[in-house]
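All chains are named by letter (A, B, ...) in the order of the sequence lines, taking the proteins before the strands, and each is independently numbered beginning at 1. Both backbone and side-chain heavy atoms feed into the values below; hydrogens, waters and symmetry mates do not. Nothing here was measured: the structure is a model prediction, and the numbers come from that model.
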Amino acid sequence: MRQLQYKLKTEPIRINIVETDDDLDGFIEFVRNNQTIAFDTETTGLLIYANTFKIRVAQFSNASESWVIPVERSVKWSWLAANALLRAKQLIIQNAAFDIPVVVRHWGLDMRELFEKTIDTKILAKLVDSRSVDAGGTGDSLEDLTAHYIDKTTAAEIKGLATAEAKRLKIKKDEYFTKVSIRDHNYLLYAGMDPILTYRLWKILGKLVPSSARQLIGFEHEVQRVCTEVSHRGYLLDLAYAKKLSSKLRATETRNVNVARSYGIENVNSDAEVIDALRYYGWFNIPVSEKGNESVNGDLLQALQGSGYKDLAKLGKAIQEATRARKWRNTWVDTFIHTADAEGYCHPSINTLQARTGRMSITGIPAQTLPAGEASIRLCFLAEEGHVSLSTDYQAQELRVLAALSQDPVMLDAFKRGLDLHQVTADAAGVTRKAGKGTNFAVVFGGGVNAIVTQFGVERTDAEKTYKAFKETYLGVAAYSRRLSNQAKRQGYIVTPSGRKLLIDPDRPYSATNAAVQSTARDVTCRGLLRLDKEGFTPYIRLPIHDEIVFSVPAEHEEYAARRTNELMQEEMAGLMISTEAEAMGRSWGSLYEDPDSNRKYVLDS
DNA sequence: TCGTGACGCACC
DNA sequence: AAACGGTGCGTCACGA
């Protein structure tokens, strides 16, 4: 058997590499003697559901001894590794949302069984400090956490490994994990070290989770399990439609690129070229970015179209349409086509605790950033055969949460009476609903008059008037914001009602209100998600998106599903109902967005 | 040839 | 007195 040594600071680490069947006895004994085991895999990439995806190595560790099983070399070894997972009483994994679906898909293990005995160090780390490294926090990757909690040198070696090794082996970095020899010393050494570090992080982080947040540990693991099940099941792609849309977008791009070319612009994405051309045609009003660079943006292209100069208008429109068509194709449609699995399902990656407020992020199907109120992209996704799409979302979720948290009597009363809060704010200032709405949102975001003007396009005098009226009308919100802001100043953090500790930047204490609202709103959605799960809805969930959950439900039960998802998702918070609305239509997700008046079948308020 | 910063643009 | 919160992704430009 091959053994490697590593020195973690001063402590010797032993890494055992299985090379022949004779080496397995030691591994079996290790599994028998260690009820709690840290687990990790090395794979050929990150796209778990791609045809070419393979598990290369499986690693099992305690604090100082690691077993590396090159499962790629033997079905029997894969089987033994799978069995080790079944035998373990407790698994410690860094980012179980990756490794568990990997072994479920490739070794046929049961997802729920694995999640139920897993502690994810990434979840623990997020509950200790949810900030990214850029924001002054610990980050949540194994490397960043190792650097912060264990040892900087080790972290640097791991972080630099793939780059350095790719260079040494004269291959691209992306190819390293696929092409490196399964017997490569460094590859095996660092594969062996990963679960050692994970195990040690578990020991350290377990003690650091604040007492207020301890109740969230179980909750967050449940949320992760449900979301990983959703991701694992995937969302059915309408491949024929997607391909048609892709060529349509390509045609639009080509047509408009040719127009731009006739004005001397080869690359519509190059700001420098576009600006040169505009100057040539007599347009000198070029926006300047925050860093002082001239740049092309939507406002400029819009201004050209309204300029009254035929050529400039034509050029502005062409550039806008070309770049949009290209972006839509690259970002959405072609990505869906290329990442769909063999059965035609796309698998969103759901990071249940991505943002510092705890908000989720969804990549793969970047569901959170699809064009709003626009059907064509969502028409790529279908409910199952015989099913329809159902979307249930919270109504004015963040504003209701703000009302509940602040207990502002005017806001609470307005919601309880079913009034339109944007109009209530507008009326208090005698301005348009648009100004009222902008002000409501700006305040939730922690902004002031400037935010209302620049973000929501409100006249400055109206913005000033409405902002003032907001403060005078919702005295409870103002008091709540002061309270939170003072707390953040005094102790550097706030604690949300669920017990989540949110560290607030000392130079931005006013952001505490937004942090509390955003984080609590996220908790509302996640609690709803768990109630849905408990009642067996998980197989029908396709995507959670901030304040909304998208389902595929059997057509004959759509009315029941609409009613029941409403009942399960809504919840009362400090006397105010955070209510929902369910909407069902055709088979495609996009059908919820097209022709809303004529085709809508069910719209049920909670 | 890569990784990264800056930017714009999608969203809640 | 005033304060723009949280994300992901594609592209270009630039420097190692």
- Message: If you compare every side-chain N and O of A/R131 against the phosphate oxygens of C/dG5 (OP1, OP2), does one of them come in below 4.0 Å?
- Response: no
- Would you mind reading off the distance between A/L399 atom CG and C/dG5 atom P, rounded to a whole angstrom? 17 Å
- Message: Could you check whether A/R356 pairs with A/D505 (Lys NZ or Arg NE/NH1/NH2 to Asp/Glu carboxylate O, under 4.0 Å)?
- Response: yes
- Measure from CG on A/D334 to C1' on C/dC9 and round the result to the nearest Å. 14 Å
- Could you encode protein contacts along nucleotides 10-16 of chain C as a string, one character per nucleotide from 5' to 3', using B for base contact, S for sugar-phosphate-only contact and - for no contact, with a heavy-atom cut-off of under 4.0 Å? SSSS---
- Item | Length of the CZ-P vector between A/R522 and C/dT7, whole Å | 13 Å
- Message: Which label fits A/H347 and A/Y49: parallel for a plane angle under 30°, tilted from 30 to 60°, or perpendicular past 60°?
- Response: parallel
- Message: Categorize A/Q354 for me: base, sugar-phosphate, or nothing, with a 4.0 angstrom heavy-atom threshold over every strand shown.
- Response: sugar-phosphate
- Query: For A/Q518 and C/dC4, what is the distance between atoms CD and P respectively, to the nearest whole Å?
  - Reply: 16 Å
- Looking across every strand, which nucleic acid part, if any, lies under 4.0 Å from A/T323 by heavy atom: base, sugar-phosphate, or nothing? nothing
- Item | No-hydrogen, no-angle side-chain donor-acceptor test under 3.5 Å, A/S141 and A/D144 | yes
- Which is the 5'-most and which the 3'-most nucleotide of DNA chain B that has an atom under 4.0 Å from a heavy atom of chain A? B/dC2 to B/dC12
- Message: Please verify the inter-ring angle class for A/W589 with A/Y593; under 30° counts as parallel, over 60° as perpendicular, anything in between as tilted.
- Response: perpendicular
- Task: Give the rounded distance in Å between these two atoms: CG of A/D547 and C1' of C/dT7.
- Result: 14 Å
- Query: Any salt bridge between A/E220 and A/K126, counting N to O under 4.0 Å?
  - Reply: no
- Compare the ring of A/Y510 with the six-membered ring in the base of C/dA3 and state whether they stack (centres under 5.5 Å, planes under 30°). no
- Item | A/R508 vs C/dA3: side-chain N/O to OP1/OP2 distance below 4.0 Å | no
- Task: Decide whether A/S579 and A/Q395 meet the rule of one side-chain donor and one side-chain acceptor closer than 3.5 Å.
- Result: yes
- Message: In this structure, how many angstroms lie between the P atom of C/dA3 and the CZ atom of A/F470, rounded?
- Response: 16 Å
- Figure out the CG/P separation between A/N351 and C/dC9, and round it to whole Å. 11 Å
- Message: Assuming nearest nucleotide by heavy-atom distance, tell me which of A/H546 and A/V449 is located more 5' along DNA chain C.
- Response: A/V449
- Message: Whole angstroms only, please: what is the CZ-C1' distance between A/F441 and C/dG6?
- Response: 14 Å
